[in-house]
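Whatever order the structure lists ligands and atoms in, that order sets their numbers, starting from 1. Fair warning: this is a prediction, and the values are worked out from it, not measured in the lab.
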Amino acid sequence: MSTAKKEYKRVTVKSLVEMKSNGEKISMLTAYDYSMAKIVDAANVDVILVGDSASNVMAGHETTLPITLDQMIYHASSVIRAVKRALVIVDLPFGSYQSDPKEALRSAIRIMKESGAHAVKVEGGTEIKESVKRILAAGIPVMGHLGLTPQSIYKFGTYTVRAKEEEEANKLMEDALMLEKLGCFGIVLEKIPANLTKKVSESLTIPTIGIGGGKYADGQVLVVHDLLGMTHEFNPRFLRRYMNLYEEMGNAIGNYVKDVKSLDFPSDDEQY
Ligand code: KIV
């Protein structure tokens, strides 16, 4: 059974709110480069997130903290060149929006102007309220991100499930309501109990997008390299792998090496 209700030639922030009110689930995936974004967009994914997880997946860093604004703009502009249908959201990287609202606005403007992206995403609640307000006031759509916020990993200490205790769950709910009131068009809920996702999603008119947030979110997001099984050391419970590309690509590349070594490649038909 599909929840899809309507065809969208071009997905906008308004489409996402409409999907929620129509009971249609929203699909979201990361992409960081032109080739992958082309495949993801052609498969009708509603939202492409140029996530700061590029810091881990593309650059091999342990956390998302080192990636810079310039690097995010490079990834985002590559993605934008590939996309015809999806809404493209770009993470504001760590350090580009937390210190003061003016800097937050400058960073968001650089992303929008230099990459052509459609919206930005920021992590946190009341702590970044003034920055969110400032960006929204400039007409830039903002998505929030609550629960496990990887830019604060050194505060949390681990990547375990967040907001299991009442106090943290209440704060998350307050932050979600505040982000909606400010004018955010959606909120990512990362690694929180499914029942809390349900409560938050039912309390908001804007959509929630879960990653490890369970089935009650209005949409789901995964890192595309995880979904395709290109990464193989990361195995959280919430991840569904649809392929084992790590193995398949390794085998294909191994066969190429074998063919070169054995003089099988190139054949007479593969030369001029
Ligand atoms: O950077 C990212 O990929 C994200 C998702 C995990 C939501 O923020």
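Glu180 and Thr205 share a donor-acceptor pair across their side chains, judged by distance under 3.5 Å alone. For the 3.5 Å distance criterion, the side chains of Tyr97 and Gln151 qualify, holding a donor opposite an acceptor. Using modelled atom types and a 3.5 Å distance limit, the side chains of Glu270 and Ser267 yield a donor-acceptor pair.
Atoms of ligand 1 lying under 4.0 Å from at least one heavy atom of Asp91, given by number and element, are 1 (O), 2 (C), 8 (O). The atoms of ligand 1 that sit less than 4.0 Å from any heavy atom of His145 are 8 (O). Taking every heavy atom of Ile211 and a limit of under 4.0 angstrom, the matching atoms of ligand 1 come to 6 (C). Counting atoms of ligand 1 from 1 in the listed order, those under 4.0 Å from a heavy atom of Thr30 are 3 (O).
For ligand 1, the polar-atom distance check against Tyr32 finds no nitrogen or oxygen pair separated by under 3.5 Å. Ligand 1 has no N or O atom lying under 3.5 Å from any N or O atom of Glu190, backbone or side chain.
If you look at Asp52 next to ligand 1, the close heavy atoms, those under 4.0 Å, come from the backbone and the side chain alike. Neither the backbone nor the side chain of Ile209 has any atom closer than 4.0 Å to an atom of ligand 1 (non-hydrogen atoms only). Within the 4.0 Å heavy-atom criterion, the part of Leu49 lying near ligand 1 is the side chain and not the backbone.
Lys198 has a carboxylate O that lies under 4.0 Å from a charged side-chain N of Glu202, or vice versa, which qualifies the two as a salt bridge. The pair Lys6-Glu24 does not count as a salt bridge, with every side-chain nitrogen at least 4.0 angstrom from each carboxylate oxygen.
Here the heavy atom of the protein found nearest to atom 2 (C) of ligand 1 is Ser53 OG, 3.2 Å.
Residue pairs satisfying the side-chain hydrogen bond (donor to acceptor under 3.5 Å, both in side chains) criterion with at least one member in residues 71-80, sequence neighbours excluded, are listed as follows: Thr68-Gln71.
Atom CD in Glu174 sits 12.0 Å away from atom NZ in Lys181 (nearest 0.5 Å).
Close to ligand 1: Lys121, with a non-hydrogen atom less than 4.0 angstrom away.
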Inset, instruction - Start with the C-alpha gap between Arg110 and Asp70, add the side-chain angles, then the distance that decides, and say whether salt bridge (charged side-chain N to carboxylate O under 4.0 Å, His left out) holds. - result: CA-CA 9 Å; Arg110 280 202 61 203; Asp70 283 336; 2.6 Å; yes
